[in-house]
Amino acid sequence: MNKNCAIILAAGEGKRMDSNMPKVLCEVLFKPMLGWVIDACEHSNINDRCVVAGFQAEKVIDFVGDSAQIVLQNERRGTAHAVKCAKSFLEQHIDGNVFVCCGDSPFLCEKTIMAALDVHNKEKAAVTVITANIENPYGYGRIIRKNGRIVAIVEEKDAQDEEKNICEINSGAYWFCVKDLLEILDDIKPLNNQNEYYLTDAVKLFINNKKTASVYLSQNSLIAMGANDRLNLFKLNDVYRKILIEKFMKDGVEFLCLDGVIISPDVKIGKRTKILPGTILKGNTVIGEDCVIGPNSLIEDSIVGKGSIINSTQVYQSQIDNNVKIGPFCHIRPNSTICHSVKIGDFVEVKNSEIGAGTAISHLTYVGDSDVGKNVNFGCGVVTINYDGVNKHRCKIEDGAFIGCNTNLVAPVVIGKDAYTGAGSTITKNVPSYALGIERGKQCNVDGFSKKKLAGRKLKVKE
Ligand code: UD1
Ligand code: CA
């Protein structure tokens, strides 16, 4: 059985971020930092997780859902105090190790977490601190070594001048032997310049108790990057945006230039797909092979099949099949399914609808709450009237139907197979298969009407 567990510290307010949310919910590449950290634990196979929430705990609880247990730290008195709030969680894992980390350092990866656990186990350590060497260590806890071994961690605010020159820093992530940690937790005292209970004091206490304190020095300084303010947050976005895009390039995705291209970490993109400038791909989006996405497109939590083209369009929580062509200037709203070989042209909005294979909706049309069959043709300016001010109703348009330009389809209504609607009709009754539904006044012409009316008119340009 995997006895290892994790405690993620996420109770801080993050005053310097000046946000109306807890700092750990601030986003890097559209994903809250806490989400990055929880996922890193998950990928490291640490399935028993506990998040310490405090500042605006309800928002943290809401985000965490069932991906971790929650304990509350009502008064923020430091990182050791936060861990103490999870004492009963620790007691349930007394025979294992606990990975303690900060919810505001998103780039800790499973590789580092597992490599550190390896060192921790080999050395039978009470604690293994994950550290990194960084150019500008300001603000971080510094690693104090003696004869190569860690002996203490000193916080910036408590450091002597020569200690401030140390570039090896505490990432804020550690493996602890749970039993050893529980033994010393109550011995940590707030005897420092911030009057806080520092988890980092555990190192000294273990050494005093003749226990082993180890270090896993990561070669990747990014793992320690955290965000305390907006500048840090921008830097995290900037740094990881490029890392991620380069990874996609290595996997065969094509980028002509990176202007305005932002891709979230959980997005997947197939080979030979071309991403054009101004493209934002968010959430759990999956793009197939051989697509062209952009310019200026936003796709969120959606699936796009192979060989599809999405041009200057926004797509939310929808599914788009193979060889679909959408855009420019379309809006595909949640819960839409666009089957293969569909063409959706400019200024078309689709919402909560299924569009059957081979259907064309070429211009200026709204399709909402509708079930549309195969090979349907929408003329220009068709509107499904799905909302009567109180309730939403559905339209059903069967295979092969031809909807004339400027048709209003007042739901609920069914247009049968291969049926037609006359241009300009407001259709309120079902149209049977193969029929023409037409609803408009007969045309009459008033002869010579304008001759008298326009007598004496001055034209800008001579006839
Ligand atoms: C901490 C470490 C420092 C390390 C740095 C890495 C301590 C004393 N210092 O400093 O050595 O280099 O992280 O980023 O541990 N939190 C709580 N409850 C509290 C206080 C903090 O849950 O009472 C949470 C915060 O939400 C945050 C994390 O713990 O996610 C770290 O707290 P923060 O105040 O940012 O610590 P640092 O000063 O950065
Ligand atoms: Ca921090």
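Each ligand, and each atom within it, is numbered from 1 in the order the structure gives.
Contact analysis puts Thr200 in contact with ligand 1, with a non-hydrogen atom separation below 4.0 angstrom. Under a 4.0 Å heavy-atom criterion, His81 is not in contact with ligand 1. Residue contact annotation: Gly54 has no non-hydrogen atom under 4.0 Å from ligand 1. Contact between Gly226 and ligand 1 is absent, with no heavy atom of the residue lying under 4.0 Å from the ligand.
Contact annotation: for Ala80 versus ligand 1, there are no heavy atoms closer than 4.0 Å. Under 4.0 angstrom from ligand 1, there are no non-hydrogen atoms of Ala224. Only side-chain heavy atoms of Lys23 come within less than 4.0 Å of ligand 1; its backbone N, CA, C and O stay farther off.
Not one N or O of Leu199 is nearer than 3.5 Å to an N or O of ligand 1, by distance alone. Residue Thr79 places at least one N or O, backbone or side chain, under 3.5 Å from an N or O of ligand 1. For a threshold of 3.5 Å applied to N or O pairs, the pair formed by Arg76 and ligand 1 contains no separation below that value. For ligand 1, the polar-atom distance check finds an N/O of Gly12 within less than 3.5 Å of one of the ligand's N/O atoms. Polar contact check, Tyr140 against ligand 1: no nitrogen or oxygen pair lies under 3.5 Å apart. Taking only nitrogen or oxygen atoms, main chain and side chain alike, Gln73 reaches within less than 3.5 Å of ligand 1.
Look at Lys31 and Asp266 and you find a salt bridge, because one of the NZ, NE, NH1 or NH2 atoms lies within 4.0 Å of a carboxylate O, short of that distance. Ion pairing between Lys271 and Glu289 fails under the 4.0 Å rule for side-chain N and carboxylate O. Classification of Lys204 and Asp187 as a salt-bridged pair fails, no side-chain N sitting under 4.0 Å from a carboxylate O.
The one candidate from Asp371, Val367, Thr359, Leu409 that meets the side-chain contact (heavy atoms from CB on, under 4.5 Å) condition with Ile397 is Leu409.
Within ligand 1, the atoms closer than 4.0 Å to a non-hydrogen atom of Cys102 are 28 (C), 30 (O), 31 (C), numbered from 1 in the order shown. Below 4.0 Å from some heavy atom of Glu155 lie the following atoms of ligand 1, by number and element: 2 (C), 3 (C), 7 (C), 8 (C), 9 (N), 10 (O), 11 (O). Near Gly78, meaning under 4.0 Å from any of its heavy atoms, are these atoms of ligand 1: 19 (C), 20 (C), 23 (O). Shown in contact with Leu9 at under 4.0 Å from a heavy atom are these atoms of ligand 1, numbered in order with element: 22 (O), 24 (C), 26 (O), 27 (C), 29 (O), 30 (O).
Gln317 and Glu300 share a side-chain donor-acceptor pair at under 3.5 Å. Judged by distance alone, the side chains of Asn228 and Lys23 do bring a donor and an acceptor atom under 3.5 Å apart.
Taking a 6.0 Å sphere around NZ of Lys164, one finds it holds more than 12 heavy atoms contributed by other residues, nucleotides or ligands.
Judged as a side chain to side chain donor-acceptor pair (under 3.5 Å), and not counting sequence neighbours, the contacts of His93 are Asp48.
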